Enquirer: 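The following block contains the structure, expressed as structure tokens.
As the structure is a prediction and not an experimental result, all values here were calculated from the model. Residue numbers start from 1 in every chain, and the chains themselves are labelled A, B, ... in the order their sequence lines are given, proteins ahead of strands.
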Amino acid sequence: MNTELVRVRFAPSPTGQFHIGGVRTALYNFIYARATGGVFVLRIEDTDLERSNMESEKLHMEGMKWLGMDYDEGPDKPGEFGPYRQSERLEIYKKYADELITKGKAFYCFCTDEELLEKKEKAKAGGLNPNYDGTCRNLSHDEVSKRLQKGEKAAVRFKVPIKAFTFKDRVKGEVTFPENMVGDFIILRSNGLPVYNYCCVIDDYLMKITHVIRGDDHLANTLRQLMLYEAISVSPPEFAHVSLIVGHDRQKLSKRHGATSLNWYKDETYFPEAVVNYMSLLGWSHPEEKSIFDLEELKRVFTIDRFVKSPATFDNEKFKWVNGQHLRSISCERLLDQIGNILPQNHRYFEQDDEWRKNCVELFREKVDLSKDMWPMIDRLFDASVEQSDGMNEINSWETTPVIREYLKSEMLRLDAENREFPTISDVNSWMKHLKGELKIKGKPLFMGMRAVLTGQDHGPDLKMFVCLTPVKIILSRLE
RNA sequence: GCUCCCAUCGUCUAGCCUGGUCUAGGACUCUGCCUUUUCACGGCAGCAACAGGGGUUCAAAUCCCCUUGGGAGUACCA
């Protein structure tokens, strides 16, 4: 096996939200680094000046942090291979491009957009492939420098060799690209800025990247990159092209499928653990087929050979379930923390003591998959209204219910007179004892009756606990 | 159009490389039951798939070919 230090990277272009698909590729790279004791690099691919922006870059970095993916080198974590923003590496790309030109492996191209478009249309109409036609490929030295001196705009194109390329992908296996698949392509735009396929190669080489784990949509790009590696006499890294995440229409996941940004899920109160867990499961499987696990376990069991070749449909239903599993196992503190951020500042929840709040989240966490769904349940604790429903009507029609109501009302009035804020478990127990013993009510009429009368609903969480969390005054108004 | 990639329950997937142990296993969803004198969690059970056609072989979900279907790429985007 290869004993050299594994170096992997996540290279987002900061042009918007941190996309969920990006989260996944970042995750795989991160885990692979941690699983192999390697290094994880964050590189910002911001050569598209029009669309790149700092806010987006920040979004990506914060997202990584939130998910627990700490990178070893990056724009804000200097390492020996920086800078880590492509916009700050422009001289480097220029230098290598000049070298390619000198070696006759690249050339200046003076063709304008309009000319290019026209030629492409023509080729298409004639049934030929619309590759670059080579107009500027063999211009003489003199002509080039003359036109350059005149200030004519020129891009730099790579001279594509006429040959097929084959490489071994760690996911797809052996992939062959026939010759003539692409024409001479641009590596430096006429404004001097490099193009993705080019700087990607230069950077991966210079940053000593050993493994490139990325989306399937880059598979075709690998051809151009392979050509470039060959041109600069560098052996390419290992590639692993992971299948894409698609929507229910089997199309690449995008904005029109609804939520695709990490922050959306964060705002929906998904846990970072759940995001990591579910994302890892789209296109990869746990060796023991477990579906619930954490980052630490992932680091232990992750291997590249468990990737799935076919695209995976993003399923919100299962994602929610995964979150629910984590919601149930997470520490009470974390939960308290999160609930504290969801509820509005003036919520009566915040007026209660620590003990109450703890009991509250412990009671409701079993019932929901998403923390935010606890909100309406907590609201109910302070809602004096009595629900109108068929179930309630039925319970109220029982002859035992008025008896229960009468008795509990007197009990609640007593508690209120004693200035008691909440009933206790022993209160509830003694009521039940009395109702059973003295009033001979038991079974369903007893429990359902108590529930309806005390909570104003014919359904809900554990009755005793629920009652103990409800203020006496609220229960009293329900009883009126 | 051309190039490349892919194809197991509705969905995520195991199995495929190294054919027999697969009357194809697990998970989500759905349904039923148990538990909880409620609800949920949990437990148990059920529904449900090897895209089609040809080969190869004693034997194919597994290997080969074709068809069909799906996806991605074909930029001075990444």
Side-chain angles (χ1 to χ4, degrees), chain A residues 11-15 45-48 50-52 86 109 111-113 116-117 120 124 127-132 153-157 169 171-173 175-178 180-183 185-197 199-200 214-224 241 243-244 246 248-252 278 281-292 305-306 308-322 324-325 328 363-369 377 391 442-448 450-452 455 457-463 466:
Chain A
S13 51
T15 56
E45 308 222 325
D46 55 351
T47 55
D48 185 348
E50 312 268 296
R51 297 196 300 149
S52 300
Q86 290 188 327
C109 172
C111 298
T112 62
D113 280 347
L116 255 18
L117 196 70
K120 193 176 268 182
K124 249 185 185 165
L128 301 163
N129 52 338
N131 291 344
Y132 180 67
K153 284 261 183 207
V156 177
R157 271 183 200 276
D169 189 272
V171 178
K172 308 283 182 190
V175 178
T176 302
F177 300 105
N180 247 192
M181 197 175 141
V182 294
F185 56 92
I186 303 257
I187 57 175
L188 236 48
R189 300 174 173 100
S190 49
N191 66 4
L193 286 169
V195 136
Y196 165 74
N197 279 118
C199 31
C200 180
R214 67 194 349 176
D216 209 354
D217 48 342
H218 285 289
L219 189 61
N221 284 328
T222 311
L223 170 61
R224 289 183 174 81
H241 286 94
S243 59
L244 262 18
V246 296
H248 280 294
D249 54 1
R250 308 297 304 178
Q251 308 268 313
K252 185 174 164 179
Y278 182 63
L281 246 19
L282 287 174
W284 181 83
S285 65
H286 189 287
E288 291 155 38
E289 284 212 70
K290 285 166 99 174
S291 37
I292 301 299
D305 55 9
R306 293 200 67 82
V308 175
K309 288 181 174 187
S310 45
T313 309
F314 187 86
D315 182 18
N316 235 316
E317 208 62 50
K318 187 150 184 181
F319 191 7
K320 252 170 102 166
W321 175 80
V322 168
Q325 297 298 307
R328 251 142 249 142
L363 177 64
F364 293 134
R365 84 195 301 184
E366 297 297 324
K367 301 192 58 89
V368 297
D369 283 333
M377 295 179 169
K442 58 187 180 194
K444 197 173 176 183
L446 170 65
F447 273 77
M448 288 305 274
M450 279 184 76
R451 173 177 293 282
T455 73
Q457 287 182 318
D458 59 356
H459 60 271
D462 179 74
L463 182 59
F466 193 81

Enquirer: Could I get the full list of ring-ring contact (aromatic ring centres under 6.0 Å, His included) partners for A:Tyr132, not counting sequence neighbours?
Expert: none
Enquirer: Drop me the distance from A:Ser243's OG to A:Lys309's NZ, to the nearest 0.5 angstrom.
Expert: 11.0 Å
Enquirer: So which nucleotide does B:rC4 pair with, by the Watson-Crick or G-U wobble rule with both distances under 3.5 Å?
Expert: B:rG71
Enquirer: What is the distance, rounded to the nearest whole Å, between atom CG of A:Leu282 and atom P of B:rC28?
Expert: 16 Å
Enquirer: Nearest-Å distance, CD (A:Glu317) to C1' (B:rU29)?
Expert: 6 Å
Enquirer: Please state the P separation for the pair B:rA14 and B:rC30 - nearest whole angstrom.
Expert: 24 Å
Enquirer: Kindly indicate whether the side chain of A:Val156, heavy atoms from C-beta on, has any atom under 4.5 Å from the side chain of A:Ile186.
Expert: no
Enquirer: Could you tell me whether the side chain of A:Leu193 reaches within less than 4.5 Å of the side chain of A:Asn191, counting heavy atoms only?
Expert: yes
Enquirer: Using 0.5 Å steps for rounding, measure from the CZ atom of A:Arg51 to the CG atom of A:Asp48.
Expert: 5.0 Å
Enquirer: Sequence neighbours left out, what passes salt bridge (Lys or Arg N to Asp or Glu O under 4.0 Å) with A:Lys172? Give chain and number order.
Expert: A:Asp216
Enquirer: Watson-Crick or G-U wobble partner for B:rA61, using a 3.5 Å limit on both distances?
Expert: none
Enquirer: Do nucleotides 37-53 of chain B as a string where each nucleotide becomes B, S or -: B if the base has a protein heavy atom under 4.0 Å, S if just the sugar-phosphate does, - if no protein is that close.
Expert: BBBSSS-----------
Enquirer: If B:rC76 has a Watson-Crick or G-U wobble mate with both distances under 3.5 Å, name it; if not, just say none.
Expert: none
Enquirer: Can you tell me the pairing partner of B:rU56 across any strand shown, Watson-Crick or G-U wobble, with both distances under 3.5 angstrom?
Expert: none
Enquirer: Any donor-acceptor pair under 3.5 Å joining the side chain of A:Lys309 to the base of B:rA7?
Expert: no
Enquirer: Using atom types as modelled and distance alone, determine if a side-chain donor or acceptor of A:Arg306 lies under 3.5 Å from a backbone N or O of A:Ser285.
Expert: yes
Enquirer: Between B:rG52 and B:rU68, how many Å separate the two P atoms, rounded to a whole number?
Expert: 16 Å
Enquirer: Using a 4.5 Å cut-off on heavy atoms from C-beta on, say whether the side chain of A:Met181 contacts that of A:Asn131.
Expert: no
Enquirer: What do the steps show when you test A:Arg451 against A:Asp458 for side-chain contact (heavy atoms from CB on, under 4.5 Å), and what is the final call?
Expert: CA-CA 6 Å; A:Arg451 173 177 293 282; A:Asp458 59 356; 5.6 Å; no
Enquirer: Would you mind telling me which of B:rU13, B:rG26, B:rC5 lies closest to the side-chain atoms of A:Lys172?
Expert: B:rC5
Enquirer: Tell me the partner of B:rG19, counting only Watson-Crick (N1-N3 plus N6-O4 or O6-N4) or G-U wobble (N1-O2 and O6-N3) with both under 3.5 Å; none if nothing fits.
Expert: none
Enquirer: Can you list everything that forms a salt bridge (Lys or Arg N to Asp or Glu O under 4.0 Å) with A:Lys318? Sequence neighbours excluded, please.
Expert: none
Enquirer: Between the protein and nucleotides 23-25 of chain B, list every N/O to N/O distance that falls short of 3.5 Å.
Expert:
from	atom 1	to	atom 2	distance (Å)
B:rG25	N2	A:Glu289	OE1	2.4
B:rG25	N2	A:Glu289	OE2	2.8

Enquirer: For B:rC64 and B:rC16, measure between their P atoms and round to the nearest Å.
Expert: 14 Å
Enquirer: Identify all pairs in which a protein N or O lies below 3.5 Å from an N or O of nucleotides 16-18 of chain B, and state each distance.
Expert:
none

Enquirer: How is A:Arg214 classified with respect to the nucleic acid when contacts are heavy atoms under 4.0 Å: base, sugar-phosphate, or nothing?
Expert: nothing
Enquirer: Please report, rounded to the nearest Å, how far the C1' atom of B:rA14 is from the CG atom of A:Leu281.
Expert: 12 Å
Enquirer: So which one's nearest nucleotide on RNA chain B is more toward 5', A:Trp284 or A:Ser291?
Expert: A:Trp284
Enquirer: Is there a Watson-Crick or G-U wobble partner for B:rU31 with both distances under 3.5 Å, and if so, which one is it?
Expert: B:rA45
Enquirer: What residues, two or more places apart in sequence or in another chain, satisfy side-chain hydrogen bond (donor to acceptor under 3.5 Å, both in side chains) together with A:Gln325?
Expert: none
Enquirer: Can you find a pair of side-chain heavy atoms, one from A:Val175 and one from A:Phe177, that are under 4.5 Å apart?
Expert: yes
Enquirer: In B/S/- notation, 5' to 3', how is nucleotides 71-78 of chain B contacted by protein heavy atoms closer than 4.0 Å?
Expert: SSS-SBBB
Enquirer: State which residues pass salt bridge (Lys or Arg N to Asp or Glu O under 4.0 Å) with A:Arg328; sequence neighbours excluded, sorted by chain then number.
Expert: A:Asp369
Enquirer: Could you tell me how far B:rA49 sits from B:rU13 if I compare only their C1' atoms? Round to whole Å.
Expert: 12 Å
Enquirer: Taking the side chain as everything from C-beta on, heavy atoms only, tell me whether A:Asp315 gets closer than 4.5 Å to A:Trp321.
Expert: no
Enquirer: Between B:rG70 and B:rC33, how many Å separate the two P atoms, rounded to a whole number?
Expert: 41 Å
Enquirer: On the nucleotide B:rC6, are OP1 or OP2 found under 4.0 Å from the side-chain N or O atoms that A:Ser243 carries?
Expert: no
Enquirer: Give the rounded distance in Å between these two atoms: CD1 of A:Ile292 and C1' of B:rC12.
Expert: 12 Å
Enquirer: Could you state the atom-to-atom distance from CZ of A:Phe177 to C1' of B:rC5 in whole Å?
Expert: 9 Å
Enquirer: Would you mind pulling out the nucleotide paired to B:rU38, Watson-Crick or G-U wobble, both distances under 3.5 Å?
Expert: none
Enquirer: For A:Asp169, which residues count as a side-chain hydrogen bond (donor to acceptor under 3.5 Å, both in side chains) partner, sequence neighbours excluded?
Expert: A:His241
Enquirer: Just call it for A:Thr176: base, sugar-phosphate, or nothing, with non-hydrogen atoms closer than 4.0 Å on any strand.
Expert: sugar-phosphate
Enquirer: Provide the distance between the two C1' atoms, one in B:rU57 and one in B:rU62, to the nearest whole Å.
Expert: 13 Å
Enquirer: On a whole-Å scale, what distance lies between the C1' atoms belonging to B:rU29 and B:rU23?
Expert: 26 Å
Enquirer: Please state the P separation for the pair B:rU11 and B:rU3 - nearest whole angstrom.
Expert: 30 Å
Enquirer: Counting primed atoms plus P, OP1 and OP2 as sugar-phosphate and everything else as base, spell out the protein contacts along nucleotides 62-67 of chain B at 4.0 Å heavy-atom distance: B, S or - for each nucleotide, 5' to 3'.
Expert: ------
Enquirer: Output all residues satisfying salt bridge (Lys or Arg N to Asp or Glu O under 4.0 Å) with A:Arg214, sequence neighbours left out; order by chain, then residue number.
Expert: none
Enquirer: Among A:His218, A:Glu45, A:Arg224, find the one that has a side-chain hydrogen bond (donor to acceptor under 3.5 Å, both in side chains) with A:Tyr196.
Expert: A:His218
Enquirer: A side-chain contact here means heavy atoms from C-beta on lying under 4.5 Å apart; do A:Leu363 and A:Phe466 qualify?
Expert: yes
Enquirer: Please determine whether a side-chain nitrogen or oxygen atom of A:Thr313 lies at a distance below 4.0 Å from atom OP1 or OP2 of B:rC12.
Expert: yes
Enquirer: Counting the atoms with a prime plus P, OP1 and OP2 as sugar-phosphate, which does A:Gly283 contact under 4.0 Å by heavy atoms, base, sugar-phosphate, or nothing?
Expert: sugar-phosphate
Enquirer: Do the side chains of A:Ile187 and A:Pro194 get nearer than 4.5 Å, heavy atoms only?
Expert: no
